[in-house]
Amino acid sequence: MRNVSKLFRIMVLAAILSILVVAIPASPVLAAASIELDPEGGEIGEWIDIDGEGFPESDFDASPPYYSEVDIYFSSEEADRNDDIGDEVENYKRVKSGVLVDEDGEFGTRFKVPDELTDGDDDEEVHGGTYYIYVTYHGEDRIRVVAEFTVLAGEIELDPDEGPVGIEVEIGGAGFADDEDITVEYDDDEVDIVSGDEETDEDGEFVCTIIIPKSTAGDHTITVTDDSGSRAEADFTVEPEITVTPAKGAAGDTVKVKGTGFGEDVDVTIELDGDEVAEDESDYYGSFEVTFTLPVKSSGTYDIEAKDEDKNKDKVDFTIAAGVKLSLTTGNVGEKITIDGTGFATNQTVSIKYDATQVATATSDSKGSFSASFSAPKSIHGEHTITVTDTSGNTVSMKFVM
């Protein structure tokens, strides 16, 4: 009898538990709920797509049908899951209400980035920086899902927006957060502000100057970010540039050519008046440095041009001047002195004087070169001047010590 009573109690308890299991509705698995934003940052007024999954499913076949809906909020205040809209989040904008979740627990909709938060305790203008997207069940305040969103509200202008490496560029910014430190990046690398503002003013504006670092030819991105997360970018176009030292010379002189803003790791050819005089290879930043010996040419102004295999090029004017060399710079009366000249006018008479006395003449060739000899005339001990002049007026003087 005792065993029968015990068995009866067990059967009753089992029946009660089975009834409770049927009576208690299944709760949604909130941990699985998630949302995805596309894009994750945008400007005020831009449409943003939002997709959600893992939410309570709508049952369209039920009688009556059961609809699962969510609301979407946009706020500048950071809160956690299970916090409440209107409590932990006081300033916000409800950008979507009653978004229908389908039978798979998913939804898809879009909202426009607001310019002002008007549904909370205080109205608040939206500026650049980090904001938060909150999802609640429709008609409830409890936050179920949180996502970050970056408002790209700042704007910058560059002056100039193209030029060579090393040029100063003024950056004017507006639409940033008020009274915030700013950081300037060039292709994701921070660069120094060399003058101007290092933080925004009370209107979210600034003006500062940077120097363009070594970089290859083409477009590069300048980005300005403030401490609140406001961010804006603009393109700067690097143009190739060469510098030549010295700016003038005579045949046999060494000339150095430095280049910046060319292609990355590409062959570079140096030409003088269309004739190749040197070649080199640029580095990772599009820079190079090469020297060459100035060939024999008549006096005048010529182009020195550098061009790479990516068709980047730049040229500068270079002056070839007349030059002479003496076989002797010291000697005695009667010694033979040979004088060689380059860079004079072509096919012209060249006069050679020892102090004020003409001692020889010569005729320059098609490249402006000549050679002549004379004997050192009688003169006092000391320094004397040998002067060479062509009929075009090119003149070179050298010292001779007797």
Side-chain angles (χ1 to χ4, degrees), residues 154-173 182-198 206-225 231-249 253-295 297 301-320:
E155 294 182 356
I156 59 173
E157 290 187 358
L158 308 180
D159 183 23
D161 59 6
E162 61 182 13
V165 168
I167 192 174
E168 288 192 357
V169 174
E170 182 180 271
I171 306 172
I182 58 173
T183 301
V184 182
E185 293 181 330
Y186 183 87
D187 286 346
D188 298 325
D189 292 324
E190 185 174 344
V191 293
D192 293 332
I193 296 173
V194 296
S195 64
D197 302 325
E198 295 187 359
F206 67 88
V207 177
C208 68
T209 301
I210 66 168
I211 294 175
I212 298 300
K214 284 187 176 182
S215 46
T216 57
D219 290 344
H220 298 265
T221 303
I222 292 177
T223 306
V224 179
T225 308
R231 183 173 178 271
E233 59 185 39
D235 285 340
F236 181 86
T237 303
V238 170
E239 299 174 334
E241 181 183 55
I242 61 171
T243 57
V244 177
T245 52
K248 62 183 296 185
D253 290 348
T254 298
V255 178
K256 180 185 292 184
V257 180
K258 290 184 177 180
T260 58
F262 285 77
E264 174 187 345
D265 299 324
V266 293
D267 293 332
V268 181
T269 301
I270 312 298
E271 294 182 353
L272 172 66
D273 193 30
D275 297 324
E276 182 176 332
V277 290
E279 61 181 3
D280 197 17
E281 182 178 337
S282 64
D283 62 17
Y284 173 79
Y285 299 101
S287 302
F288 67 88
E289 180 178 318
V290 65
T291 60
F292 68 92
T293 301
L294 199 62
K297 282 187 176 292
T301 301
Y302 297 87
D303 287 337
I304 291 182
E305 183 176 49
K307 52 187 177 182
D308 66 24
E309 58 187 278
D310 290 341
K311 299 182 179 180
N312 300 300
K313 60 183 179 180
D314 186 37
K315 62 183 178 181
V316 298
D317 289 339
F318 184 85
T319 300
I320 292 183

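Quick caveat, the model's predicted, so the values are computed rather than measured.
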Main-chain N/O of [Y] paired to [X] side chain as donor or acceptor, under 3.5 Å:
X      : Y      : value
Asp219 : Asp235 : no
Asp192 : Val194 : no
Asp310 : Asn312 : no

With a 4.5 Å limit on heavy-atom distance, are the side chains of [X] and [Y] in contact?
X      : Y      : result
Val257 : Asp280 : no
Phe288 : Ile242 : yes
Val238 : Thr216 : no
Pro295 : Leu272 : yes
Ile212 : Ile222 : yes
Thr209 : Ile171 : no

Note: Lys307-Glu271 ion pair, threshold 4.0 Å (strictly below): yes

Criterion side-chain contact (heavy atoms from CB on, under 4.5 Å) on Asp303 and Asp317, from CA distance to verdict: CA-CA 5 Å; Asp303 287 337; Asp317 289 339; 3.3 Å; yes

Take atom [atom1] in [X]; do more than 12 heavy atoms of anything else shown fall under 6.0 Å from it?
X      : atom1 : result
Glu309 : CD    : yes
Glu289 : CD    : yes
Tyr285 : OH    : no
Glu305 : CD    : yes
Glu279 : CD    : no

Minimum heavy-atom separation for [X] and [Y], please, with both atom names.
X      : Y      : result
Asp197 : Cys208 : O-CB, 3.3 Å
Asp273 : Lys297 : OD2-NZ, 3.7 Å
Lys313 : Pro240 : O-CG, 3.4 Å
Ser282 : Gly263 : OG-O, 2.6 Å
Val165 : Gly261 : CG2-N, 4.1 Å
Val290 : Ala278 : CG2-CB, 4.0 Å

Intermediate values then yes/no, side-chain contact (heavy atoms from CB on, under 4.5 Å), Phe236 and Ile167: CA-CA 11 Å; Phe236 181 86; Ile167 192 174; 3.9 Å; yes

Quick one: [atom1] on [X] to [atom2] on [Y], what's the gap to the nearest 0.5 Å?
X      : Y      : atom1 : atom2 : answer
Tyr186 : Thr223 : OH    : OG1   : 11.5 Å
Asp265 : Asp308 : CG    : CG    : 11.0 Å
Leu158 : Ile210 : CG    : CD1   : 7.5 Å
Ile182 : Ile156 : CD1   : CD1   : 9.5 Å
Phe262 : Ser215 : CZ    : OG    : 13.0 Å

Candidate pair Ile304 and Ile270, rule side-chain contact (heavy atoms from CB on, under 4.5 Å), full reasoning: CA-CA 7 Å; Ile304 291 182; Ile270 312 298; 4.0 Å; yes

Intermediate values then yes/no, side-chain contact (heavy atoms from CB on, under 4.5 Å), Ile193 and Phe206: CA-CA 12 Å; Ile193 296 173; Phe206 67 88; over 6 Å; no

side-chain hydrogen bond (donor to acceptor under 3.5 Å, both in side chains) partners for Asp187, two or more places apart: His220

Pair listing, ring pair (Phe, Tyr, Trp, His ring centres under 6.0 Å) test, anchored in residues 301-320, at least two apart: none

